[in-house]
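In what follows, every heavy atom counts, from backbone to side chain, and hydrogens, waters and symmetry copies are set aside. This chain uses plain numbering: 1 for the first residue, then up along the sequence.
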Amino acid sequence: MKSIVVIGLGEFGSQIAISLTQKGFEVIGIDNSPEQVGDFKDLVSRSVILDATDEKAMRAMNVDAVDIAIVAIGTNMQASLLTTALLQKLGIEDIYVRAISPLQEGILKSMGISQIINIEEEMGRQLSSSIASGKIGRYIQISERHSLMEINVPKPFFGKTLKDLNCRERFQINIVGIKLKVPQVDDDGEVTYHMKMTDVPDPDYPFSESDILVVLGTDENIHKFLKLGDED
């Protein structure tokens, strides 16, 4: 089984590290924040508080012996580029690097890095595909990373409850409301439907095909919810 080092244990890096560990890989998680490392010490093979631009410290952790390196550092472009250059110096050939700007992507390409991860671009493609497919209705961007979305209940979740899905723990999202399709009969016996908003969702309410979920979270986690809904 290949060994992997994930450098930068923010939301993106930590999810990669945990997922790879669960798939059976030997994963070393590295971050210079004691808090970040402490949160994941029992979730990956090893987690270390380390300056990833320090060659001596990286060699001491045998980072030069891993098969794959993933640089998941977010906002600090300088640290990301220096770390990438050091990994190349250590002789690691299989390097994945997160890019946060076109400038960084251009520099990485000039360094010979071909496996560049652009989360924002990928999420944009996923969002447009989801909207086009009808999975997502109204969409409100709250911050650069957070959104409020109306989502049709994924088919595998029909009949399941909030308690069953455990969305906060499994997907790190909050379902803040449920829109229910309620029938109404007029004086002539005609049946019409209107949407009723439940703003304090009942954890034991079983979802139906016509329900719409109002979901709050990061775009990444919301799409993770949709993707896993397709797979379950």
Side-chain angles (χ1 to χ4, degrees), residues 1-101 103-105 107-120 122-123 143-146 166 168-174 217-224:
M1 185 63 70
K2 291 184 176 181
S3 58
I4 302 173
V5 62
V6 178
I7 302 169
L9 297 178
E11 183 175 357
F12 174 65
S14 63
Q15 289 297 326
I16 291 176
I18 292 170
S19 179
L20 289 171
T21 301
Q22 292 172 343
K23 294 180 187 300
F25 291 93
E26 180 185 349
V27 178
I28 304 172
I30 292 177
D31 201 288
N32 60 6
S33 166
E35 182 179 347
Q36 294 287 68
V37 171
D39 287 343
F40 297 96
K41 66 177 182 178
D42 298 323
L43 300 175
V44 297
S45 308
R46 283 187 291 167
S47 56
V48 186
I49 305 168
L50 192 69
D51 177 1
T53 64
D54 185 333
E55 180 178 352
K56 184 177 179 180
M58 292 280 274
R59 288 188 184 276
M61 283 303 303
N62 295 320
V63 172
D64 53 331
V66 303
D67 299 299
I68 300 171
I70 301 172
V71 182
I73 297 171
T75 56
N76 192 332
M77 184 171 73
Q78 181 179 359
S80 176
L81 292 173
L82 289 174
T83 298
T84 303
L86 176 55
L87 292 170
Q88 289 179 314
K89 182 179 179 181
L90 294 176
I92 300 173
E93 297 181 358
D94 203 356
I95 303 174
Y96 294 77
V97 185
R98 177 184 179 184
I100 59 174
S101 70
L103 173 61
Q104 183 180 5
E105 186 171 348
I107 295 172
L108 289 169
K109 287 180 179 178
S110 71
M111 294 170 65
I113 300 296
S114 60
Q115 298 172 126
I116 299 172
I117 307 165
N118 189 320
I119 299 176
E120 288 73 17
E122 179 62 26
M123 291 308 300
S143 72
E144 290 183 358
R145 297 173 52 249
H146 296 81
N166 195 13
R168 287 187 181 181
E169 184 173 331
R170 287 183 65 195
F171 309 105
Q172 290 79 53
I173 62 172
N174 286 299
T218 65
D219 291 344
E220 182 179 359
N221 287 335
I222 292 174
H223 285 284
K224 187 191 306 178

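Remark: Asp31 CG to Leu9 CG distance equals 5.0 Å, nearest 0.5 Å. How far OG of Ser101 is from CG of Asn118: 9.0 Å, rounded to the nearest 0.5 Å. The CG atom of Asn221 sits 5.0 Å away from the CD atom of Gln172 when rounded to the nearest 0.5 Å. Note that OG1 of Thr21 and CD of Glu26 are 9.5 Å apart. Values are rounded to the nearest 0.5 Å. Here the CD1-CD1 distance, from Ile113 to Ile107, works out to 12.5 Å after rounding to the nearest 0.5 Å. Separation of atoms CD (Glu93) and CG (Asp67) is listed at 10.5 Å; rounding is to 0.5 Å.
Using a 4.5 Å heavy-atom threshold, the side chains of Val71 and Arg98 count as separate. Considering only heavy atoms from C-beta on, Asp64 stays 4.5 Å or farther from Met58 through its side chain. You'll find the side chain of Met77 reaches within 4.5 Å of the side chain of Leu103, heavy atoms only.
Taking every heavy atom of both residues into account, Ile70 and Ile16 meet most closely at CD1-CG2, 3.7 Å. Considering every non-hydrogen atom in both Val44 and Ser47, the closest pair reads CG2-CB, 3.9 Å. The minimum heavy-atom distance between Leu87 and Ala69, with the atom names listed, is CD1-CB, 3.7 Å. Nearest approach of Ile116 to Leu108, heavy atoms of both residues: CD1-CB, 3.9 Å. Contact record, Val48 with Val37: O-CG2, 3.4 Å, taken as the closest heavy-atom pair. The heavy-atom pair separating Ala72 from Phe12 by the smallest distance is CB-CD2, 3.8 Å.
Around the CZ atom of Arg168, the shell of radius 6.0 Å holds no more than 12 heavy atoms that belong to other residues, nucleotides or ligands.
Note on residues 71-88: pairs passing side chain to side chain donor-acceptor pair (under 3.5 Å), not counting sequence neighbours, are Ser80-Gln104.
Checked against Ile7 for a side chain to side chain contact (heavy atoms under 4.5 Å, CB included), the options Asn32, Ile30, Ile28 give a single hit: Ile30.
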